[in-house]
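In this text, all values refer to a predicted model and were calculated from it rather than measured experimentally. Ligands are counted one by one from 1 in listed order, and the atoms in each one are counted from 1 as well.
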Amino acid sequence: MSDCIFCKIANGEIPSTKVYEDDLVLAFNDLEPQAPIHVLIIPKQHITSCDDITPDNSAVIAHIFEVAALLGKQFGLTNGYRIVNNCGEDGGQTVKHLHFHFMGGRQFGWPAG
Ligand code: AMP
Ligand code: ZN
């Protein structure tokens with residue numbers, strides 16, 4: 001998608017601080033971190049939101065969670081971390097390219113606001 005900022009980050013048009021990359025996914029630091037570690041994990045392929053996951057594109061979601069487990073070890077988060085997806089307007093999604101917030105380094109409350 002030509003006007004999607006996360007597609008532009010995925011193809012290098014917009015810079016980011018990468019913490020993990022392979023052929024399918026990219027993980028980079030969030031610009032406005034809400035925790036000591038706040039990384040966004042995205043599929044390189046444009047998927048608008050969680051609501052657009054289908055049998056044709058869902059393999060990358062499993063891979064994203066493999067990457068999350070890798071990041072947990074990479075950052076030494078032995079006491080846990082939080083993974084968040086905001087889906088659509090009511091979910092609070094502001095960037096319309098599927099992403100998972102990987103956050104750690106502090107204790108989180110529940111339920112989330
Ligand atoms: P969401 O509200 O779930 O759609 O989250 C979008 C996230 O993207 C927010 O946490 C923003 O801080 C983050 N964000 C927006 N633009 C950038 C950017 N250029 N680089 C890194 N993070 C960004
Ligand atoms: Zn996109």
From the list Leu26, Leu98, Leu24, side chain to side chain contact (heavy atoms under 4.5 Å, CB included) with Ile42 holds only for Leu26

May I ask you to identify the nearest protein heavy atom to atom 16 (N) of ligand 1, giving residue, atom name and distance to one decimal place in Å?
Ile5 CD1, 3.6 Å

Per-atom contacts of ligand 1 with Gly92, taking only distances under 4.0 Å to non-hydrogen atoms:
2 (O)

Lys44 side, atom NZ; Ile9 side, atom CD1 - distance, nearest 0.5 Å:
12.5 Å

Which residue holds the protein heavy atom closest to atom 1 (P) of ligand 1, what is that atom called, and what is the gap in Å?
His99 NE2, 3.1 Å

Among non-hydrogen protein atoms, atom 9 (C) of ligand 1 lies closest to Asp30 OD2, 3.4 Å

Heavy-atom closest pair (Met103 atom, Ala35 atom, distance to 0.1 Å) is CB-CB, 4.1 Å

Distance under 4.0 Å to a non-hydrogen atom of Leu40: what atoms of ligand 1 satisfy this?
8 (O), 13 (C), 22 (N)

ND1 (His97) to the Zn ion (ligand 2) to SG (Cys7), nearest 10°, is 110°

Using modelled atom types and a 3.5 Å cut-off, is there a donor and acceptor pairing between side-chain atoms of Glu32 and backbone atoms of Asp30?
no

Residue and atom name of the nearest protein heavy atom (relative to atom 20 (N) of ligand 1), distance in Å to one decimal
Leu31 CG, 3.4 Å

So how far is it from Cys87 SG to Asp52 CG, rounded to the nearest 0.5 Å?
7.5 Å

Do His101 and His99 make the cut of ring centroids closer than 6.0 angstrom?
yes

For ligand 1, is there an atom lying under 4.0 Å from some heavy atom of Asn29?
yes

For the side chain of His38 and the backbone of Leu31, is there at least one donor-acceptor N/O pair under 3.5 Å apart?
no

Measure the distance from atom 4 (O) of ligand 1 to every protein heavy atom, then report the residue, atom name and distance (to 0.1 Å) of the closest one.
Thr94 N, 2.7 Å

CG/Asn11 to OG/Ser2 distance, rounded to the nearest 0.5 angstrom?
10.5 Å

Of the backbone atoms (N, CA, C, O) and the side-chain heavy atoms from C-beta on, which set of Phe6 has a member under 4.0 Å from an atom of ligand 1: side chain, backbone, both, or neither?
side chain

From CA spacing to verdict: side-chain contact (heavy atoms from CB on, under 4.5 Å), Val60, Ile47:
CA-CA 10 Å; Val60 74; Ile47 300 171; 4.0 Å; yes

For ligand 1, which atoms, with element, lie under 4.0 Å from some heavy atom of Gln93?
4 (O)

Looking only at N, O or S atoms, which one in His46 sits nearest to the Zn ion (ligand 2)?
ND1

So, does Ser16 sit close enough to ligand 1 that a heavy atom of it is under 4.0 Å from the ligand?
no

Over 60° means perpendicular and under 30° means parallel, so classify the ring planes of Phe102 and Tyr81, tilted if in between.
tilted

Compute the minimum heavy-atom distance from Val84 to ligand 1 and say whether it is under 4.0 Å.
no

Does His101 have a heavy atom less than 4.0 Å from any atom of ligand 1?
yes

